[in-house]
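Have a look at the structure below, then the notes.
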Amino acid sequence: MSFANQVAVITGASSGIGWAVARELASRGCHVGLIARRADRLEALAEQIRAAGRKAATAVADVGDRAQTLAAFAAIREQLGPVDLLFANAGIGLPTPLEPMSTPQVEAMFRINTLGVVYSIEAVLPEMLQRGRGHLAAVSSLASYKGMPGESAYCASKAAVNVYMEGLRIQLRPRGIYVTTVCPGFVDTPMTQVNEFKMPWLWSADKAARKILRALERRRKVYNFPWQTTLLMKVTCWMPDWIVYRALRDKTGDRPPPSA
C-alpha cells in the first residue's frame, strides 16, 4: 500500500511517536492533519511538512473531549478532504498509587487513552464506510498485555484499546476498512523521558515511526515491537504474581506490608 497523495490524520502529533509518524508520512507523499493540545508545536511541524512540498493542516484539541475531537477532525477535513488513514496516537501515562488512590488520574487515562481513540474513530469511520475504504490505526502498548503493579490503570486503559480495535477489525473485515493496533515497548519520547528506571531496548521515535509505517503498509492486524520486549512481556504473563511483585516493587512507590 502506498501513502502517496493520501490524507492521514495523526492525534498526539505535537511530540514523540505522533510527530515522527507525521514527518515520515509526509516524506512518503502523504498529506497530513495534525491534532494535539499545543498549537505552537503543531504549527512548527506543519511548517516543516509544507516546506517539503506536502499539505498539512492543524487543529487544537484534547482528544479526551468528544466535542473538541469531532470539531478538530471536521476542520481538518475541510482543508484536506476525506481521511484515508487515522493514526490515533494521543495518550498519557501516569502512575497508579494506592495511598492515596488517584481516581482523577485513572479517569484521565481512560478518557485520553481509550475514549480518545473511540472519539477519533467516530470522526472518520462514517465517511470511510460510505467510501468503502480506509485504515484505522491506534497506538496501544506492550503494557496492555499485563497488569503491572503501580501501572494498573495505564495497562487497563491500553488493554481496552486492544479489545476495542480487535472487535472493530473483525466487524469491518468485509467493509474494505483495515484496522491495526500498534503496541510499542519503550520509545524515547517526552512521556518516557521522565522514567527513572532503565528502559531496555529503547527505540528512537524516528525508528519506531519507520517500523510502524512498514506495518501499516502491510496492513498488519497487530504490530508489537521490539521483539525482545514483546518476548519479555509474554514471559511475564506466565509468571506467578509474587515474582512480578518482587521484581517491580521498587518501582511502585508503595510501602511493603509490615510482614514483608
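Screening I76, L85, V124, L34 against V9 for a side chain to side chain contact (heavy atoms under 4.5 Å, CB included) leaves a single residue, I76. The side chain to side chain contact (heavy atoms under 4.5 Å, CB included) test with L125 is passed by exactly one of L86, V83, L172: L172. Partner T180 forms a side-chain hydrogen bond (donor to acceptor under 3.5 Å, both in side chains) with one of R219, H135, R218 and no other, that one being H135.
Between Y119 and D65 the shortest side-chain heavy-atom distance does not fall below 4.5 Å.
A donor atom on one side chain and an acceptor atom on the other are not found under 3.5 Å apart for T181 and N162. For T230 and N224, the side-chain atoms include no donor-acceptor pair closer than 3.5 Å.
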Report the C-alpha separation of I121 and M165 in whole Å, then their side-chain angles, then the decisive distance to 0.1 Å, and conclude whether the side chain to side chain contact (heavy atoms under 4.5 Å, CB included) test is met. CA-CA 10 Å; I121 291 174; M165 296 297 284; 3.7 Å; yes
Starting from the C-alpha separation in whole Å, work towards a yes-or-no answer on side chain to side chain contact (heavy atoms under 4.5 Å, CB included) for E107 and T103. CA-CA 6 Å; E107 291 175 338; T103 302; 4.0 Å; yes
Does the side chain to side chain contact (heavy atoms under 4.5 Å, CB included) test come out yes or no for L45 and V32, once each step is laid out? CA-CA 10 Å; L45 176 57; V32 294; over 6 Å; no
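S157 contributes no side-chain N or O that, together with a main-chain N or O of T114, makes up a donor-acceptor pair within less than 3.5 Å. Under a 3.5 Å cut-off, the side chain of S141 and the backbone N or O of C183 do not form any donor-acceptor pair. Using a distance-only test at 3.5 Å, with no hydrogens or angles considered, no donor-acceptor pair links the side chain of D188 to the main chain of W203. Judged purely by atom type and a 3.5 angstrom limit, R77 uses its side chain to pair as donor or acceptor with the backbone of A123. Without hydrogens or angle criteria, D84 side chain to A8 main chain gives no donor-acceptor distance under 3.5 Å. Looking only at distances, a side-chain donor or acceptor of R41 sits under 3.5 Å from a matching main-chain atom of S14. A distance-only check finds no donor-acceptor pair linking the side chain of K55 to the backbone of I49 [under 3.5 Å]. Panel note: side chain N113, backbone I92; a donor-acceptor pair is recorded below 3.5 Å.
Cation-pi geometry between R28 and F3 is not met at under 6.0 angstrom from the ring centre and within 45 degrees of the axis.
Rounding to the nearest 0.5 Å gives a distance of 5.0 Å between CE of M233 and CE of M148. With values rounded to the nearest 0.5 angstrom, F87 atom CZ is found 4.5 Å from I212 atom CD1. The OG1 atom of T58 lies 9.5 Å from the CD atom of E47; values are rounded to the nearest 0.5 Å.
Salt-bridge check for D62 with R111: failed, with every basic side-chain N at 4.0 Å or more from each acidic carboxylate O.
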